[in-house]
There are 2 protein chains.
Amino acid sequence: MKVLSKSSEYGLRALLYMVGKRGGEQEYVSIREMSEQLDISFHFLTKILQSLTQSNILASYRGPSGGVAFNIPPEKIMLSDVVRVLEGEDFFDTCLLGLPGCGEKKPCPMHQFWKEIKAALKHEFETTTLAQMGQITLDSRLRLMP
Amino acid sequence: MKVLSKSSEYGLRALLYMVGKRGGEQEYVSIREMSEQLDISFHFLTKILQSLTQSNILASYRGPSGGVAFNIPPEKIMLSDVVRVLEGEDFFDTCLLGLPGCGEKKPCPMHQFWKEIKAALKHEFETTTLAQMGQITLDSRLRLMP
DNA sequence: CCTAATTAAGAGTATTTTATCTTAATTAAA
DNA sequence: TTTAATTAAGATAAAATACTCTTAATTAGG
């Protein structure tokens, strides 16, 4: 079950890495460093983070000791903000059977069932911050939602 | 958010179509007919249903008035049975960030969160039958395609 | 100013997924 | 027995996704 594209997987992993590095003084985190530490293609990661920069979640700086930094504190960045940029606006609004006309008016046989799952997923993504997720890395026994 | 491959989407739609046709007399349902009614590539659908035949969910018959039929009553076929065949055994056991080592011992930052969503999905798929899903189609008097 | 280190941008390539095409095997009916 | 209607199986092609490469722009530091 692959829910996120590689772009989102890599993007989220990089953002969580950045959350982990905060507290240190370095404002900008090098994309090269992240690509090496996380074993992600440098050029591919660059492109992914570029789109997060263009949507103002990150800020970037070129030249020596440049890199990317949060443009918004990660306490205020929801997982949904990230996936909406990397996967598209309609991420939480798909039909399980891929039927274009499916919706409340014309539900497919999976609709009610899938709707509930999607709502739970959406709720989690919309109420969980990058900072919270990053925290789990440090304290991996934390449980998030009811 | 694309959870199922096209193979699963098409396979499920065909199976639900077959559930809808039961009660009529025809034992075998023609793949050609389904491909036309559901607007799915005939050859592609044939391959998908072949793998359901090979895993004994369906039975097939060649020659005029041949086709595929349920080998097990759809009241006993769980959605999970179908997706396990069409998506692979590990369908409900993936990491949201795509990390190969992720698990209870070495959870990624998304693990606990994702685990709960997966469990809900798995539970629904494992407790819902094709017949139940098909019933919804009949109840709401809908056709599958827009 | 010059050089090296970095991100930006876009073209190009590879891999995977999805779809099509071709041929073979099976079966019912004329 | 011949023909047409079907599924089976595998090769091929197209499209989408994932990844790589090249060049340009920016910036710090010598």
Side-chain angles (χ1 to χ4, degrees), chain A residues 1-15 18 26-71 83 85-88 91 94 97-98, chain B residues 1-14 18 26-71 83 86-88 91 94 97-98:
Chain A
M1 175 166 39
K2 190 179 168 174
V3 171
L4 298 178
S5 66
K6 288 290 177 193
S7 292
S8 291
E9 287 181 15
Y10 296 166
L12 281 171
R13 283 170 59 195
L15 292 172
M18 289 170 67
Q26 79 304 326
E27 182 152 9
Y28 290 98
V29 181
S30 151
I31 299 177
R32 174 74 63 186
E33 171 191 329
M34 290 196 278
S35 76
E36 283 166 1
Q37 290 299 311
L38 302 174
D39 196 31
I40 298 171
S41 148
F42 166 70
H43 290 291
F44 196 21
L45 184 57
T46 297
K47 272 184 34 173
I48 294 162
L49 297 182
Q50 250 177 59
S51 64
L52 292 173
T53 300
Q54 284 160 355
S55 54
N56 295 310
I57 288 173
L58 297 179
S60 69
Y61 202 79
R62 294 196 246 194
S65 76
V68 290
F70 286 111
N71 194 40
V83 302
V85 168
L86 297 177
E87 300 281 338
F91 182 70
T94 59
L97 296 181
Chain B
M1 176 164 40
K2 190 179 168 174
V3 170
L4 298 178
S5 67
K6 287 290 177 194
S7 293
S8 292
E9 287 180 15
Y10 297 165
L12 281 171
R13 283 170 57 195
M18 289 170 67
Q26 76 303 329
E27 181 151 11
Y28 289 97
V29 181
S30 151
I31 299 177
R32 173 75 62 186
E33 171 192 330
M34 290 195 279
S35 78
E36 284 167 359
Q37 291 299 312
L38 303 174
D39 196 32
I40 298 169
S41 149
F42 167 70
H43 291 289
F44 195 22
L45 185 56
T46 296
K47 272 185 31 176
I48 294 162
L49 298 182
Q50 250 176 60
S51 65
L52 293 174
T53 299
Q54 285 161 355
S55 54
N56 296 310
I57 288 173
L58 297 179
S60 69
Y61 201 79
R62 293 197 244 193
S65 74
V68 291
F70 286 112
N71 195 39
V83 302
L86 296 177
E87 300 280 340
F91 182 70
T94 59
L97 297 181

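What you see is a predicted model, and the numbers here were worked out from it, not measured in a lab. In what follows, every chain begins at residue 1, and chains take the letters A, B, ... in the order their sequences are listed.
The nearest whole Å value for the distance from the CZ atom in R32(A) to the P atom in dA5(C) is 11 Å. I48(B) places its CD1 atom 8 Å from the P atom of dA19(C), with the value rounded to the nearest Å. For E36(A) and dA5(C), the CD to P distance is 13 Å, given to the nearest whole Å. For I31(B) and dA19(C), the CD1 to P distance is 16 Å, given to the nearest whole Å. To the nearest angstrom, P of dT7(D) lies 12 Å from CG of L58(B). Taking atom CG on L45(B) and atom P on dA9(D), their separation rounds to 16 Å, with Å as the unit. The interatomic distance linking E9(A) (CD) with dC19(D) (P) rounds to 9 Å, in whole Å. One atom, NE2 of H43(A), and another, C1' of dA5(C), lie 14 Å apart when rounded to the nearest Å.
With T94(A) contributing its side chain and K2(B) its backbone, the two residues share no donor-acceptor pair below 3.5 Å. Between the E87(B) side chain and the M1(A) main chain, no donor and acceptor come within less than 3.5 Å of each other.
Under the 4.5 Å side-chain criterion, counting only non-hydrogen atoms from C-beta, Y28(A) is not in contact with S60(A). Looking at heavy atoms from C-beta onward, L4(B) lies in side-chain contact with L12(B) at the 4.5 angstrom threshold.
Checking dA25(C), dT20(C), dT26(D) against the side-chain heavy atoms of R62(A) singles out dT26(D) as nearest. Nearest to the side-chain atoms of F44(B) among the listed nucleotides dA19(C), dC19(D), dT6(C) stands dA19(C).
Listed pair Q54(A) / dA9(C) meets the phosphate criterion, a side-chain N or O lying under 4.0 Å from OP1 or OP2. Contact between the side-chain N/O atoms of K2(A) and the OP1/OP2 oxygens of dA18(D) is found at a separation under 4.0 Å. A close approach under 4.0 Å does occur between a side-chain nitrogen or oxygen of S60(A) and OP1 or OP2 of dA8(C). Regarding contacts with the backbone of dT17(D), every side-chain N or O of K47(A) stays at 4.0 angstrom or more from both OP1 and OP2. Residue S41(A) has a polar side-chain atom (N or O) positioned under 4.0 Å from OP1 or OP2 of dT20(D). Applying the 4.0 Å criterion to OP1 and OP2 of dT18(C), one finds that Y10(B) has every side-chain N and O outside that range. One finds no side-chain N or O of Q50(A) lying less than 4.0 angstrom from the OP1 or OP2 phosphate oxygen of dG10(C).
Of the two residues contacting DNA chain C, namely P64(B) and K6(B), the nearest-nucleotide position lying further toward the 5' end is that of K6(B). Along DNA chain D, the nucleotide closest to G66(B) and the one closest to Y61(A) are compared, and the more 5′ of them pairs with G66(B).
If you take CD on Q50(B) and CG on L58(B), they are separated by 11.5 Å, rounding to the nearest 0.5 Å.
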